[in-house]
Amino acid sequence: TRRDLVSEAAAQAVRLSDRLSDHYQRLLEARLAARRGEPIEAEHLYRSILRSHPEDVEAWFQLSEVLSHHVYLTGVSSATSREPWTRILELEPDFVMGLWHLARVAALERDMAELQQISDRIHALNPEADRLVEIMALQAFGADDADAQREVLATLRESNDAIVGVSGWSLALVYDDMDAIATIAELMTEPTRSPDS
């Protein structure tokens, strides 16, 4: 399985880590802590790395990922990922993945003006991105705009399952709106849905 391959690769990396510089050994150690489901330890290790290497984009990125996706193990809000995502964008302004994550933070904080600014920036950088509909969903449901919600649902109806799924996941993560999530989930089971979606 994929999990076994990852574990095997991690074990191999540890066996060979003495060939790495101290900096890369520490990055590997932090990454493995995150993979083991130890977000507090991983955060501590990444922050330690960043004290001595404040412009290490990889360390900022991995810290951002830990704070965005592993916080459910700690009960801390994923909004704590704002600082590292912002730092990455200072170092690499066109990093779209950082913008996606900041959009979720803006939605979580109910900052619709910032969410619109980020949406505009993503659209300018990547106008064909399927995941723009995820941002549209965050905007529509965050603003409780019934017309925008209908438009998003119509767009999602024509989108592939991955986009529908990530949009529902974002709404669950950010708004905890069970009605919205159920409505989006139902799209994937509509009898008229194409099997290619």
Side-chain angles (χ1 to χ4, degrees), residues 34 39 43 60-90 92-197:
E43 178 184 357
W60 281 115
F61 175 76
Q62 293 302 333
L63 174 61
S64 301
E65 286 289 301
V66 166
L67 294 176
S68 294
H69 301 296
H70 296 278
V71 290
Y72 60 87
L73 296 171
T74 64
V76 175
S77 169
S78 62
T80 61
S81 67
R82 174 182 285 284
E83 174 216 357
W85 287 120
T86 300
R87 184 68 177 119
I88 290 170
L89 288 163
E90 289 170 1
E92 295 191 18
D94 294 341
F95 186 53
V96 174
M97 185 183 294
L99 291 167
W100 289 118
H101 283 81
L102 273 182
R104 288 191 196 119
V105 171
L108 187 63
E109 294 174 343
R110 300 295 199 272
D111 189 336
M112 295 297 125
E114 181 186 19
L115 182 55
Q116 183 62 54
Q117 290 172 347
I118 293 169
S119 175
D120 293 344
R121 180 84 174 116
I122 293 169
H123 192 271
L125 290 169
N126 193 357
E128 302 301 318
D130 284 347
R131 288 189 59 185
L132 282 169
V133 72
E134 173 191 354
I135 304 297
M136 289 170 51
L138 289 171
Q139 291 174 305
F141 287 92
D144 200 24
D145 182 332
D147 290 336
Q149 290 172 11
R150 279 191 290 279
E151 183 180 334
V152 166
L153 292 172
T155 302
L156 285 170
R157 192 167 276 112
E158 303 301 319
S159 299
N160 66 47
D161 286 349
I163 297 305
V164 175
V166 78
S167 297
W169 176 82
S170 270
L171 289 175
L173 178 73
V174 171
Y175 298 134
D176 197 25
D177 181 340
M178 295 311 292
D179 292 334
I181 298 160
T183 300
I184 289 177
E186 288 170 5
L187 293 176
M188 293 173 66
T189 60
E190 287 182 344
T192 57
R193 188 160 180 80
S194 165
D196 297 329
S197 294

*Under the 3.5 angstrom rule, does the side chain of Ser68 hit a backbone N or O of Ser64 as a donor-acceptor pair?*
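Present.
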*Using atom types as modelled and distance alone, determine if a side-chain donor or acceptor of Ser170 lies under 3.5 Å from a backbone N or O of Ser167.*
no
_I'd like to check the side chain to side chain contact (heavy atoms under 4.5 Å, CB included) partners of Leu89; sequence neighbours left out, ordered by chain and number._
Phe95, Leu99, Leu102
_Check this for me: Glu151, atom CD, are more than 12 non-hydrogen atoms of other residues, nucleotides or ligands nearer than 6.0 Å?_
no
Would you indicate whether the side-chain heavy atoms of [Y] and [X] approach each other to under 4.5 Å?
{"X": "Leu108", "Y": "Ser77", "value": "yes"}
{"X": "Leu156", "Y": "Val164", "value": "yes"}
{"X": "Trp100", "Y": "Ile135", "value": "yes"}
{"X": "Glu65", "Y": "Met97", "value": "yes"}

How many angstroms lie between [atom1] in [X] and [atom2] in [Y], if you round to the nearest 0.5 Å?
{"X": "Leu115", "Y": "Asp120", "atom1": "CG", "atom2": "CG", "value": "9.5 Å"}
{"X": "Ile122", "Y": "Arg131", "atom1": "CD1", "atom2": "CZ", "value": "9.0 Å"}
{"X": "Gln116", "Y": "Gln139", "atom1": "CD", "atom2": "CD", "value": "4.5 Å"}
{"X": "Glu43", "Y": "Ser81", "atom1": "CD", "atom2": "OG", "value": "10.5 Å"}
{"X": "Leu153", "Y": "Met136", "atom1": "CG", "atom2": "CE", "value": "10.0 Å"}

*Give the intermediate values and the outcome of side-chain contact (heavy atoms from CB on, under 4.5 Å) for residues Arg110 and Tyr175.*
CA-CA 9 Å; Arg110 300 295 199 272; Tyr175 298 134; 3.0 Å; yes
_Testing the basics here: between Leu132 and Ser119, what is the closest heavy-atom pair and its distance to 0.1 Å?_
CD2-O, 4.3 Å
*If you take all heavy atoms of Val66 and Pro39, which pair is closest and at what distance?*
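Closest heavy-atom pair between Val66 and Pro39: CG1-O, 3.7 Å.
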*asked:* Parallel, tilted or perpendicular: which one describes the rings of His101 and Trp85, with boundaries at 30° and 60°?
replied: parallel
*Please walk me through it: do Arg121 and Asp94 pass salt bridge (Lys or Arg N to Asp or Glu O under 4.0 Å)?*
CA-CA 9 Å; Arg121 180 84 174 116; Asp94 294 341; 2.5 Å; yes
_Under a 4.0 Å threshold between the charged nitrogen and the carboxylate oxygen, would Arg87 count as salt-bridged to Glu92?_
no
*Are Arg150 and Asp145 within salt-bridge range, i.e. N to O under 4.0 Å?*
no
*Going by the salt bridge (charged side-chain N to carboxylate O under 4.0 Å, His left out) test, which pairs reach into residues 97-107, not counting sequence neighbours?*
Arg104-Glu134
